[in-house]
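What follows is one structure encoded as structure tokens, with my remarks underneath.
Below, read A as the first sequence line, B as the second, and so on, with proteins coming before strands; counting in each chain starts at 1.
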Amino acid sequence: MTVSTMPFLLELVVSLFLIAGALFALIGSIGLARLRDFFMRLHGPTKASTLGLGCLLVGSLLYFSFQRGTVSVHEAIVTVFLFATAPVSAHMMAKAALFRGVGKGGPSRNYPDR
Amino acid sequence: MTWLQRWLPHPLFTGFLVLLWLLMNQFSFAHLLLGSVLAVVISLVTQPFWPERSRVKYPGKLLVYLGRLLLDILKSNLVVARRILFQSDDLKPGFFTYPLSLTDDFAVTMLASTISLTPGTVSAHYDREGRTLLIHCLHLDDEEALIQDIHRRYELPLQEIFDD
Amino acid sequence: MELMISVALGILTTCGVFLILRARTFSVVLGLTLLSHAVNLFLFSMGRLTTGAPAIVGLTPDSADPLPQALVLTAIVISFAMTAFVVVLSLKAAVELRSDHVDGENPNEDRP
Amino acid sequence: MTHLMILPVVIPMLAAAWLLLNHRASIGRQRVWSILSTSLLVALGVWAVTAAQADYHTYWLGNWQPPFGIVLVLDRLSAMMLLLAALLALFCVLYASRGSDREGSHFHALFQFQLMGINGAFLTGDLFNLFVFFEILLLASYALLLHGGGRARSRAGLHYVIINLLGSALFLLALGILYGLTGTLNMADLAVRIAAANPDDQTLLKGAALLLMVVFGIKAAILPLLFWLPRAYSAASAPVAALFAIMTKVGFYAMVRVLLIVFGLDSAQPLNADVFLWLWPLALVTLGLGAIGILGAASLRTMAAYMVILSSGLLMASFAMAEATVLAASLFYLLHSTCLAAVFFLLADLIGRQRAEGYDLLSVTAPLTNRWLLGTLFLVAAASMAGLPPFSGFISKAWLLQNAVSHPKYLWLWGITLVAGLFMIAALSRAGSGWFWKPEPYTGRQRRRLDPARVATVSVLIGISAALALFAAPVMDYMSATAGQLYQPSAYVEAVLGESAMANGGHNP
Amino acid sequence: MIEWAVNLAITLFAVSILLNLYRLAIGPDIVDRILALDTLMINSIALIVLFDIRLSLGILFEAAMLIALMGFVGTVAMTKYLLRGDVIE
Amino acid sequence: MVATLAPLAGLLLLARHWPQLAADDPLIATVQWIPQLGLDLSFRLDGLSWLFATLITGIGCLIILYARYYFEGKASAPRFFILIQLFMTAMLGIVLSENLLFMLVFWEMTSLVSFLLIGFNWSNRGARRGARLSLVITGGGGLALLAGILLLGNMAGSFQLTEILAQSDTLTNHRLYPLMLSLVLLGAFTKSAQAPFHLWLPHAMAAPTPVSAYLHSATMVKAGLFLMARLHPALGDTELWFALITVTGMITLMVGAFVAMFMHDIKGLLAYSTISHLGLITLLIGMGSEMAMAAALFHLVCHALFKAPLFMMAGYVDQATGSRDMQLINGLWRWMPALMLVTIVPAAAMAGLPLMSGYLSKKMLFSESLLVTAPHWANVVIPVWVTVAGLFSVAYSVRIFHNVFFNGKPRDLPIWPPKKKPAMALMPLLVLAGLSLLVGLMPQAIYDHLVHYAVMATTASHLPLYDFSALADAHTPAMMSLLAMLAGLAVYAARKPLFAIHARLPDVDAKDIFETVMQRTIRFSQTLVYQLENGSLQRYLALILLTTVALVAWSLTGLEQWRGPVPLSDLDPLVVFGISILCLSAVGVVLFHRYRLPALLLLSVTGLFVTLIFAWFSAPDLALTQLSVEVMAVVIMMLALSFLPQTSPRESRLPRVLRDLFVAVAAGSGVAAFTYAVLTRPSNSISDFFLTNSVPGGGGSNVVNVILVDFRGFDTLGEITVLGIAAVAVFAFTRNLNLKHRVAESGHSHWVAEPHPVFLQVVAHMALPIALLVSAYIFLRGHNMPGGGFIAGLVTAVALTLQYMAGGLAWAHERMRTQFRSLIGAGLLMALLTGMASWVFGYPFLTSTFAHLDWPLIGEFELASALMFDLGVYTTVVGATLLILANLGKLMTIAGPGKEIG
Ligand code: NA
Ligand code: NA
């Protein structure tokens with residue numbers, strides 16, 4: 001790993017982004033594992049994991065931009081793509097859960113029942 | 001249909017594609033040329049899949065909106081993180097129906113995505129006829145306040161952007 | 001690490017083989033997929049395992065063996081084609097024979 | 001390096017791609033392209049056989065020298081197989097063009113792909129490339145097998161496909177071992193490196209050789225590996241099944257090629273000896289099973305499928321004797337048995353179409369039209385298949401048995417072959433007398449017209465078998481030289497890698 | 001420091017993946033499993049990106065991009081299957 | 001009458017050669033056919049072949065003459081004449097061959113043609129069965145003979161008789177002599193109806209009478225005798241020869257004679273009598289002395305001369321009365337006096353009455369039997385034996401004459417009064433009877449001029465002429481003859497009680513036995529085959545796997561050390577983690593395999609981790625490919641899943657699970673062991689060449705891609721062909737798949753489950769152009785960085801698949817504006833034509849070229865022909881993937897079968 005030439009501050013920022021991202025993702029996954037009801041579990045990954053990955057990608061963007069000397073924005077594209085698709089994934093999964101009656105009689109109030 | 005409209009059905013989006021190409025590669029004249037050709041060709045080829053005309057009236061405002069959204073996402077995540085980690089047993093999840101005033105599909109999608117990405121809410125179903133969104137909330141305290149908040153914070157700006 | 005890889009490939013193979021010996025086409029397809037993973041990884045590892053040295057000229061000082069990678073790539077594509085084919089075929093067979101049972105004559109199957 | 005060498009692969013692929021591009025073309029057009037392409041292949045086959053008599057020919061694909069690039073090698077064996085496959089294919093496509101090609105979609109494109117795969121397998125000098133061509137020919141054969149649809153085909157097809165997928169996995173495993181220990185894929189280079197490997201590595205390589213034997217054994221139909229075959233072959237439509245007669249031979253070809261060249265260079269202790277040790281008993285039992293199956297078959301197609309098994313057994317048993325003279329005879333037998341198996345598949349259809357009911361079931365003795373003509377064709381084919389003189393069956397069997405005498409274990413081969421011949425006589429006379437003698441003359445109201453073109457196709461194919469007997473001497477000379485060439489792996493290596501390769505232990509740039 | 005951070009991040013993502021697998025295994029409903037797989041995909045994008053940093057290669061982003069695309073398509077396919085009994089109709 | 005011309009001509013030709021018989025050397029004419037096999041078109045004319053050929057053509061002429069009347073007015077006549085000519089040719093071939101293999105050709109031909117002749121009246125069940133029985137026995141014998149002759153040829157180094165006959169000592173002392181002799185004799189015995197292979201002959205009587213008269217008296221059955229006589233000089237004069245042939249002949253002689261006596265069917269009686277006489281001749285050949293040989297050949301001639309007219313008589317009676325049953329046919333002399341008169345001579349000859357030919361030959365037999373001394377039992381047993389057999393032969397000869405022409409009045413005959421044939425029809429009988437009489441009257445002359453040369457040929461020595469006057473003086477044979485005659489008459493007189501006793505014996509029909517044996521064998525075969533090939537895919541797979549494991553395990557027993565010399569590398573925790581998850585998910589797939597969707601999800605995890613492993617171990621291209629392929633595969637499986645049961649019952653019992661587990665663990669251990677063994681050994685690969693030449697030779701820095709499109713582009717060409725075939729195949733066999741009943745079931749009316757969710761549509765529409773741009777990016781950079789046509793193609797395909805999912809098949813397909821099959825064809829053509837383009841420059845197929853160009857404003861860039869090739873790959877992949885998906889999707893929707901998509 002050739003990081004020796006990196007300024008400390010940049011290194012710190014990159015590290016922070018990486019670890020923050022990892023933490024967000026971990027929280028999302030903890031939510032997925034721990035929460036009681038499908039619809040509650042749905043929140044964790046769709047938000048936390050997406051953001052976690054976003055942070056990580058920003059860290060990576062900074063890191064490689066420095067490494068290569070030019071702005072490397074591939075990560076940004078991945079991030080944008082994720083942010084655009086994650087809500088739709090969640091939407092589709094929520095639909096599937098409603099269709100199957102998952103969580104009916106669970107902790108979520110006002111369970112729609114037509 | 002003008003000549004330009006025929007060849008550039010989604011000029012804004014085509015521009016976005018060119019930019020994307022330049023971002024993926026290097027900024028150079030060759031890539032600008034190649035990217036433009038690709039963008040135009042791809043736009044034309046995919047045009048049948050995207051028959052609606054673009055309705056973004058104020059691209060600038062869209063950027064502002066997206067910036068605000070990013071901040072909200074950060075905030076919302078901290079909130080959700082706290083709830084997941086420390087309050088998971090006290091959560092009061094529930095569904096509520098959000099009455100839409102937006103009509104444009106793209107705009108509604110933007111709104112629904114925004115909702116899904118921000119504090120403790122996930123849009124679960126879009127009733128196109130009844131023009132409502134079914135939303136699941138991780139911690140549903142005050143339904144009315146939440147509806148007002150969404151309307152003010154997101155739906156109104158979107159209405160402006162899309163002139164809906 | 002070699003031992004670990006070997007054991008892993010062994011386990012993958014075992015799982016794949018066990019599944020293709022089940023009586024339903026779907027299990028067989030699952031088994032074939034696992035088996036092809038195992039085989040692809042095997043072929044891949046025959047070029048020896050190298051970390052951080054993709055076979056791209058000028059990227060890193062040393063380089064992984066590119067040939068097995070090319071072979072595995074071909075094998076992956078071929079096994080994709082075969083999987084698609086076999087899935088559709090098993091679907092066709094299941095529809096026509098009214099059963100996805102493949103382990104001998106099935107008592108429940110309709111006869112012509 | 002002549003570009004003609006690549007044409008057996010390029011032409012059918014061109015035809016197939018063209019047919020797909022113009023998939024709306026009328027069936028007539030499709031037939032024209034397909035027959036044209038196949039006829040060109042026959043011409044190429046003739047060229048190949050002529051060219052191969054002089055020397056080895058190699059073709060460096062992409063102009064990359066072996067062992068780095070893929071190389072095609074034309075020797076006597078591949079030339080002969082090319083010609084055989086092309087001839088057989090021509091008959092099949094002509095037969096199919098009388099209507100069977102309409103029973104499903106894209107018969108001709110798939111057929112050409114099939115030929116591409118078969119020809120590629122015959123020509124390639126690279127083991128991984130062989131795998132690729134195997135996959136092409138297998139996939140095309142799966143598709144052709146299912147041509148026309150129906151339950152029997154679906155079921156048999158599923159078994160066939162899955163078993164061969166397992167075979168492909170084993171092939172890749174073997175390739176992996178070979179590459180892992182030798183670092184090369186070119187057959188000649190492999191041969192050099194395997195011969196030079198240390199004893200411990202050789203033991204592992206022997207494992208790979210046995211794996212390959214299983215892989216090719218599945219295709220060539222050897223005993224515990226062949227149970228997919230009878231149902232698959234008897235389910236296929238007639239011209240497809242007839243073409244499949246060459247498929248087991250592709251397996252046999254690969255076995256010969258790989259065992260004799262790749263694992264046969266070390267003259268002191270060739271690795272193939274251990275493979276032959278296993279091949280021998282298994283092949284003999286296969287031969288026996290083929291005979292029993294022929295006797296127990298319920299339909300002519302099934303019978304033909306077991307004939308394929310029987311001939312595979314005989315081929316492999318004689319190959320396992322590991323002697324050039326025996327191999328020469330078994331190559332001659334290969335020609336004969338391929339033609340005749342195809343004849344029987346076509347005949348089953350030809351007869352089945354003329355019968356009032358029961359198609360080709362042996363248990364049904366329905367009236368049939370044109371019993372004279374069909375009966376005569378059947379009689380000649382049956383006599384040849386059962387090894388009765390003066391047809392090719394007799395000549396090939398006699399030569400095979402005669403050449404096998406020098407081998408210490410020849411009596412086994414003799415005994416089982418002859419008893420199998422007896423079984424075949426019993427089964428075929430039973431079928432023939434039940435069909436052509438027993439039933440009343442056909443009195444059905446609507447006349448089933450016998451298609452003269454189909455009859456002509458079958459007759460000419462039978463004629464080829466007769467010609468094979470009549471002009472056996474030059475063919476046998478060719479076969480002897482072929483077998484001699486195969487037992488000279490070092491000449492092959494030199495032809496492919498250049499003269500210094502042996503001395504340098506392979507990888508000669 | 002980055003090395004340390006990368007290793008820590010990898011560890012955290014690995015733990016996340018284990019948690020996802022746990023959910024994938026226990027369900028209880030199939031949508032839970034789909035959700036778990038979707039999350040797992042996202043976490044593995046992270047792993048790929050971290051590999052890239054750790055190995056200092058800078059060539060694995062396409063893989064990340066593809067996982068994002070494929071993960072999305074996969075999730076949509078599965079949910080559509082659940083909703084409609086079919087994926088393409 | 002054209003048909004008689006051929007044999008007549010043959011006869012004349014033979015007659016022309018008669019003067020040469022006295023010469024020492026046989027006439028030999030050879031045309032080379034297959035020298036490698038030692039098979040030549042080689043003919044030999046010596047005394048023996050001359051004798052046989054004369055019999056064949058001579059009797060042939062008469063038979064054809066006879067058949068002319070027999071088949072009068074029958075449509076099947078031409079068939080008969082063709083077949084009989086063929087048969088005659090074959091017989092002549094046997095006797096005139098110099099090359100033994102060549103002889104075998106004719107030998108088998110007689111079996112085949114006689115099969116057709118016996119089955120001539122095919123609507124008769126007996127005829128069909130009789131034909132098959134004879135073919136199986138004689139054909140099987142032929143196979144044995146083939147083996148025997150091959151052995152013989154191998155021992156002698158040639159199949160030419162001249163050479164074989166010259167090597168008697170070498171042959172009889174050879175280690176394999178017993179085996180060879182047994183095989184040859186097996187062939188001869190089956191052909192000549194020696195017990196127990198005689199069974200076919202009586203059933204061959206279903207043939208038309210001319211056939212019986214010719215094949216089963218004069219020709220085919222004599223082929224075996226001919227062969228023995230022919231090979232006698234080479235193989236004879238050993239104890240084994242004597243024992244095998246003599247004993248067989250004795251048994252046959254007795255069985256035939258005994259059974260003949262009790263036959264009520266005229267032809268049946270004649271058939272068994274023939275068997276008996278064949279046995280007699282065999283016995284004589286077995287004795288092997290010159291005199292015995294002379295007796296054998298003399299009797300052979302006599303037998304042909306008297307048996308043929310008797311058969312003709314039988315046919316005459318059969319056609320006239322519609323029956324052959326001697327219990328019904330009686331007293332015909334009144335209606336057919338001429339026939340009766342003509343029959344006297346052959347019947348008397350068969351009985352061996354004095355002055356008749358048969359009398360002489362029988363006497364010769366008796367006298368020879370007295371000379372046998374070699375095994376001490378023979379000199380008593382054989383004379384007694386032949387006398388008893390002679391007794392029976394007298395009895396049945398008397399019977400056939402007396403029962404047919406006298407013995408009271410006819411009873412219930414189907415045709416009455418008997419139909420008469422023109423007098424000319426009796427001509428052949430008359431001629432034969434006359435010849436028979438002639439032989440009896442002037443045996444010495446006949447012997448000297450006809451038989452003697454043959455005997456010389458069979459003994460390969462110049463022997464003195466047989467002295468018939470000496471025979472006349474021999475007393476003991478005369479006594480034996482007399483005894484047999486008297487006793488025979490006595491037996492005939494006492495026939496009524498004997499028939500009664502015989503009737504009580506169990507009725508054994510060889511055809512039935514044969515049928516039963518055949519049926520049993522067939523049933524056994526069917527059972528065996530069914531048990532082996534029982535339709536269980538799993539059993540086939542298990543067999544293949546077990547074989548593999550067993551073979552490979554066996555081969556590895558000699559391995560000294562699994563672990564090679566290369567030191568193990570360190571364990572990275574990350575690798576441990578990834579691999580553990582991979583294994584866990586694989587095990588998960590197994591545990592969940594009965595629940596389809598969860599299993600599929602776990603399978604995706606497996607694929608994902610394989611991707612990660614590729615990414616970690618420096619294979620980015622593989623990672624990209626694996627990932628895309630995995631998702632497409634899972635989508636395809638999902639599509640198919642809706643037609644398959646969602647769960648499957650627990651079916652496997654514990655033993656089965658344990659068996660499968662054993663197989664699986666064995667296979668897994670094998671793979672693990674090989675991996676470990678190879679990974680710990682040093683590698684020495686050709687890959688350095690690729691790394692060195694990738695940029696200068698292939699114009700790309702991504703070596704994997706350069707290998708794919710250049711170094712081993714041929715593989716890639718094959719690979720996309722596979723993909724194309726798969727797609728076309730899927731198209732072909734889903735086209736007419738009818739799933740209407742499924743469509744009816746799938747009515748989803750749930751409020752949340754709309755077919756095309758709006759949000760999904762919006763995102764999908766936006767994703768398409770972006771994905772296309774990304775594919776373009778991946779495509780263009782592939783030559784230098786991870787990517788390439790294949791991955792780009794899959795990305796495009798995935799993006800388009802997303803359109804299908806979001807907007808529906810009909811909606812999306814309308815907008816594709818392309819035919820996927822054409823796309824596949826175009827892609828393949830593109831790749832192919834790129835490869836062919838190199839011919840223009842004189843380079844081999846697929847030779848790549850590239851150029852670095854420098855254009856104003858744009859700068860330097862590279863153009864490579866490989867890019868064109870890769871474009872073909874891209875196009876094919878897109879077309880193939882979409883064709884598969886669209887057609888799978890089609891199954892449940894749109895118009896149903898018949899409507900083509902793609
Ligand atoms: Na998501
Ligand atoms: Na939200």
Less than 4.5 Å to any heavy atom of chain F: does that hold for the side chain of Leu166(D), its backbone, both, or neither? side chain

Less than 4.5 Å to any heavy atom of chain D: does that hold for the side chain of Ile149(F), its backbone, both, or neither? neither

Closest non-hydrogen atom pair, Ser105(D) against Ala732(F): O-CB, 3.7 Å

Heavy-atom proximity to chain F below 4.5 Å, by part of Leu271(D): neither

Heavy-atom pair count under 4.5 Å with chain D, highest-scoring of Met836(F), Arg125(F), Arg523(F), Glu560(F): Glu560(F)

With respect to chain F, which residue among Asp200(D), Leu388(D), Ile425(D) yields the maximal number of heavy-atom pairs within a distance under 4.5 Å? Asp200(D)

Where on Leu277(D) is there a heavy atom nearer than 4.5 Å to chain F: the side chain, the backbone, both, or neither? side chain

Below 30° counts as parallel, above 60° as perpendicular, anything between as tilted: where do the rings of His3(D) and Trp839(F) land? tilted

Looking at chain D, which one of Gln32(F), Met518(F), Arg539(F), Glu719(F) has the largest number of heavy-atom pairs inside 4.5 Å, strictly under? Met518(F)

Where does Val419(D) contact chain F at under 4.5 Å (heavy atoms): side chain, backbone, both or neither? neither

Centres of the Phe714(F) and Phe133(D) rings: under 6.0 Å? yes

Based on non-hydrogen pairs under 4.5 Å, which of Ile725(F), Leu828(F), Leu541(F) is most in contact with chain D? Ile725(F)

Atom group of Leu223(D) that falls short of 4.5 Å from chain F, counting heavy atoms: neither

Given side chains that start at C-beta, do those of Ser685(F) and Tyr179(D) come closer than 4.5 Å, heavy atoms only? yes

Of the backbone (N, CA, C, O) and the side chain (C-beta and beyond), which part of Ile294(D) lies under 4.5 Å from a heavy atom of chain F, both, or neither? neither

Among Arg24(D), Met5(D), Arg153(D), which residue forms the greatest number of heavy-atom pairs with chain F at distances under 4.5 Å? Arg24(D)

Does any backbone or side-chain atom of Leu204(D) lie under 4.5 Å from a heavy atom of chain F? Answer side chain, backbone, both or neither. both

Are the side chains of Asp40(F) and Phe102(F) in contact, using a 4.5 Å heavy-atom criterion? no

When the 4.5 angstrom heavy-atom criterion is applied to Arg79(F) and chain D, the contacting part is side chain

Chain D contact via Gln36(F) - side chain, backbone, both or neither, heavy atoms under 4.5 Å: both

Checking Met213(D) against chain F: side chain, backbone, both or neither under 4.5 Å from a heavy atom? side chain

Side chain / backbone / both / neither for Arg430(D) at chain F, heavy atoms under 4.5 Å: both

Between Tyr540(F) and Gly535(F), is there a donor-acceptor pair closer than 3.5 Å when you use the side chain of the first and the backbone of the second? yes

If we define contacts as heavy-atom pairs under 4.5 Å, which of Pro230(D), Gly432(D), Gly387(D) has the most with chain F? Pro230(D)

Measure Asp710(F) against the heavy atoms of chain D and call it side chain, backbone, both or neither at under 4.5 Å. both

Ser429(D) backbone acceptor or donor facing Ser433(D) side chain under 3.5 Å: yes

Please report whether the ring centroid of Phe134(D) lies less than 6.0 Å from that of Phe131(D). no

Which class fits the ring pair Trp64(D) and Phe711(F): parallel under 30°, tilted 30 to 60°, perpendicular over 60°? tilted

Under 4.5 Å to a heavy atom of chain D? For Leu832(F) that would be side chain

Region of Leu546(F) that comes under 4.5 Å of a non-hydrogen atom in chain D: neither

Under 3.5 Å, side chain of Arg821(F) to main-chain N/O of His23(D), donor-acceptor pair present? no

Any donor-acceptor pair under 3.5 Å linking the side chain of Arg231(D) with the backbone of Arg155(D)? no

Answer key: most heavy-atom pairs under 4.5 Å with chain F among Pro390(D), Ala398(D), Gly69(D), Gly157(D) is Ala398(D)

Part of Leu173(D) within contact of chain F (heavy atom distance under 4.5 Å): side chain

Given that the side chain runs from C-beta out, which part of Leu556(F) has a heavy atom under 4.5 Å from chain D: side chain, backbone, both or neither? both

Part of Ile544(F) lying under 4.5 Å from any heavy atom of chain D: both

Taking side chain as everything from C-beta outward and backbone as N, CA, C, O, which of these in Asn403(D) sits under 4.5 Å from a heavy atom of chain F? Side chain, backbone, both or neither. neither

Which bit of Phe845(F) comes within less than 4.5 Å of chain D, counting heavy atoms only: side chain, backbone, both or neither? both

Measuring from Phe394(D):CZ to Leu143(F):CG, what's the distance to the nearest 0.5 Å? 10.0 Å

Between Gly167(D) and Val215(D) the two heavy atoms that sit nearest each other are O-CG2, 3.6 Å

Name the option with the most non-hydrogen atom pairs under 4.5 Å to chain F; the candidates are Asn22(D), Leu170(D), Leu470(D). Leu470(D)

Are more than 12 heavy atoms, taken from residues, nucleotides or ligands other than Trp33(F), located less than 6.0 Å from that residue's CH2 atom? yes

Side chain, backbone, both or neither: which part of Phe869(F) has a non-hydrogen atom closer than 4.5 Å to chain D? neither

Tell me, for Leu19(D) versus chain F, whether the close heavy atoms (under 4.5 Å) come from the side chain, the backbone, both or neither. neither

Leu146(F), part contacting chain D, at a heavy-atom distance under 4.5 Å: side chain

Between Leu138(D) and chain F, with a heavy-atom cut-off of 4.5 Å, which part of the residue counts as in contact: side chain, backbone, both or neither? neither

Below 4.5 Å, heavy-atom pairs only: which of Thr557(F), Thr527(F), Leu717(F) has the largest tally toward chain D? Leu717(F)

Can you tell me which of Ile707(F), Leu37(F), Val722(F), Ile34(F) forms the most heavy-atom pairs within a distance under 4.5 Å of chain D? Leu37(F)

Chain F contact via Leu72(D) - which portion, at a heavy-atom distance below 4.5 Å: side chain

Give a yes or no on whether the backbone of Ile70(D) and the side-chain of Arg712(F) come within a donor-acceptor separation of less than 3.5 Å. no

Counting only non-hydrogen atoms closer than 4.5 Å, does Val730(F) touch chain D with its backbone (N, CA, C, O), its side chain (CB onward), both, or neither? neither

Evaluate the ring planes of Trp122(F) and Trp372(D), with Trp represented by its six-membered ring, and classify them as parallel (under 30°), tilted (30 to 60°) or perpendicular (over 60°). tilted

Contact origin within Leu104(F) toward chain D - heavy atom pairs under 4.5 Å: both

I need the minimum non-hydrogen distance between Ala727(F) and Ile824(F), along with the two atoms involved. CB-CD1, 3.8 Å

Contacting region of Phe115(F) [heavy-atom separation from chain D under 4.5 Å]: both

Note: vs chain D, highest number of non-hydrogen pairs under 4.5 angstrom among Glu108(F), Arg128(F), Gln526(F), Gln561(F) is Arg128(F)

Options Ala426(D), Ala143(D), Ala472(D), ranked by heavy-atom pairs under 4.5 Å with chain F, top entry: Ala426(D)

